[in-house]
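Quick note: numbers below take in every heavy atom, side chains included, and nothing from hydrogens, waters or symmetry partners. Residue numbering restarts at 1 for every chain, and letters A, B, ... go by the order of the sequence lines.
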Amino acid sequence: MTEFEQSLYNILASLPKGKLISYGQLAKQCGYPNHARHVGKTLAKLPKDTRLPWFRVVNSQGKISLVGDAFLRQKAYLEAEGLSVNEFGKISHYRDYLA
DNA sequence: AAAGTGACGGTCT
DNA sequence: AAGACCGCCACTT
């Protein structure tokens with residue numbers, strides 16, 4: 001378990017319900033600015049049954065970056081928290097939900 | 001060893 | 001406002 005993953009998990013675990021954070025911001029808060037892509041790679045390795053709120057991570061444009069099946073799962077989770085997501089993954093007024 | 005590949009992002013058109 | 005471009009970095013081929 002790398003130091004990066006460790007802090008990533010900690011920060012994510014403390015992200016409140018209904019709040020969002022971007023890959024880039026998450027990377028920066030971990031102390032690794034410019035490592036947005038690595039955040040994605042790391043999240044992709046999470047077990048399917050993880051309790052971490054991986055679905056609260058979106059890209060800098062307030063859109064879901066996942067595709068296909070995973071896209072639908074994330075969309076459902078977010079909607080379950082009261083957010084509205086269009087068919088392209090764009091979250092309405094996402095700036096209001098940023099942590 | 002070199003090239004390709006992402007759950008990305010900032011800049012410049 | 002949207003798309004092209006390029007930088008980024010850990011992995012995989």
Side-chain angles (χ1 to χ4, degrees):
Chain A
M1 167 84 64
T2 70
E3 166 195 353
F4 176 75
E5 293 170 313
Q6 190 59 258
S7 48
L8 174 48
Y9 298 153
N10 284 333
I11 293 170
L12 195 52
S14 65
L15 186 61
K17 174 183 173 198
K19 287 296 187 181
L20 300 174
I21 191 167
S22 72
Y23 296 90
Q25 278 303 309
L26 199 40
K28 190 189 296 184
Q29 290 195 30
C30 288
Y32 290 81
N34 310 350
H35 288 232
R37 300 196 86 127
H38 190 34
V39 170
K41 283 298 250 183
T42 303
L43 294 182
K45 290 188 290 195
L46 289 173
K48 202 183 88 176
D49 61 353
T50 181
R51 274 220 303 148
L52 288 174
W54 54 268
F55 48 85
R56 299 191 186 127
V57 184
V58 298
N59 68 27
S60 67
Q61 296 137 87
K63 289 194 300 183
I64 291 177
S65 283
L66 291 170
V67 295
D69 226 50
F71 168 88
L72 294 174
R73 281 208 309 284
Q74 180 167 13
K75 182 170 183 286
Y77 272 120
L78 291 178
E79 288 172 338
E81 297 197 342
L83 285 73
S84 89
V85 185
N86 74 13
E87 68 265 45
F88 303 116
K90 172 72 168 130
I91 292 140
S92 313
H93 322 299
Y94 77 94
R95 290 178 198 77
D96 300 337
Y97 303 103
L98 291 179

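- The backbone N or O of A:Ser7 lies less than 3.5 Å from no partner atom in the side chain of A:Gln29, so there is not a single donor-acceptor pair.
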- Task: I would like to know whether A:Met1 and A:Tyr9 meet side chain to side chain contact (heavy atoms under 4.5 Å, CB included); could you show each step before the answer?
- Result: CA-CA 11 Å; A:Met1 167 84 64; A:Tyr9 298 153; 3.6 Å; yes
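- Considering only residues two or more places apart in sequence or on other chains, A:Glu5 meets the side-chain hydrogen bond (donor to acceptor under 3.5 Å, both in side chains) condition with A:Thr2.
- Taking A:Ser22 as the reference, nothing meets the side-chain hydrogen bond (donor to acceptor under 3.5 Å, both in side chains) condition, with sequence neighbours excluded.
- Proximity of A:Leu43 to A:Leu12: side-chain heavy atoms (C-beta onward) are separated by under 4.5 Å at one or more points.
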Report all interatomic pairs (protein N or O, nucleotide N or O of nucleotides 9-13 of chain B) with separations under 3.5 Å.
{"from": "B:dG9", "atom 1": "OP1", "to": "A:Tyr23", "atom 2": "N", "distance (Å)": "3.3"}
{"from": "B:dG9", "atom 1": "OP1", "to": "A:Gly24", "atom 2": "N", "distance (Å)": "2.8"}
{"from": "B:dG9", "atom 1": "OP2", "to": "A:Ser60", "atom 2": "N", "distance (Å)": "2.7"}

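- Here the C1' atom of nucleotide B:dC8 and the CG atom of A:Leu66 are 12 Å apart, to the nearest Å.
- Non-hydrogen atoms lying under 4.0 Å from DNA chain C are contributed by A:His38, A:Lys45, all within residues 38-47 of chain A.
- With rounding to the nearest 0.5 angstrom, the OG atom of A:Ser14 is 13.0 Å from the NZ atom of A:Lys19.
- For B:dA7 and C:dC6, the P atoms lie 22 Å apart once the distance is rounded to whole Å.
- A:Phe55 meets the ring pair (Phe, Tyr, Trp, His ring centres under 6.0 Å) test with A:Tyr77; sequence neighbours excluded.
- Taking atom CG of residue A:Leu12 and atom P of nucleotide B:dA7, one finds them 17 Å apart after rounding to whole Å.
- For CD of A:Glu3, the number of neighbouring non-hydrogen atoms (other residues, nucleotides, ligands) closer than 6.0 Å is 12 at most.
- Between chain A and DNA chain C, the heavy-atom contact criterion of under 4.0 Å yields a 5' to 3' nucleotide range of C:dG7 to C:dC11.
- Contact annotation: the side chain of A:Ser92 never approaches that of A:Asn86 to less than 4.5 Å [non-hydrogen atoms, C-beta and beyond].
- Note on A:Glu81 versus A:Arg56: salt bridge recorded, some NZ/NE/NH1/NH2 to OD/OE distance being below 4.0 Å.
- Going from atom OH of A:Tyr32 over to atom C1' of B:dC8 covers 18 Å, rounded to whole Å.
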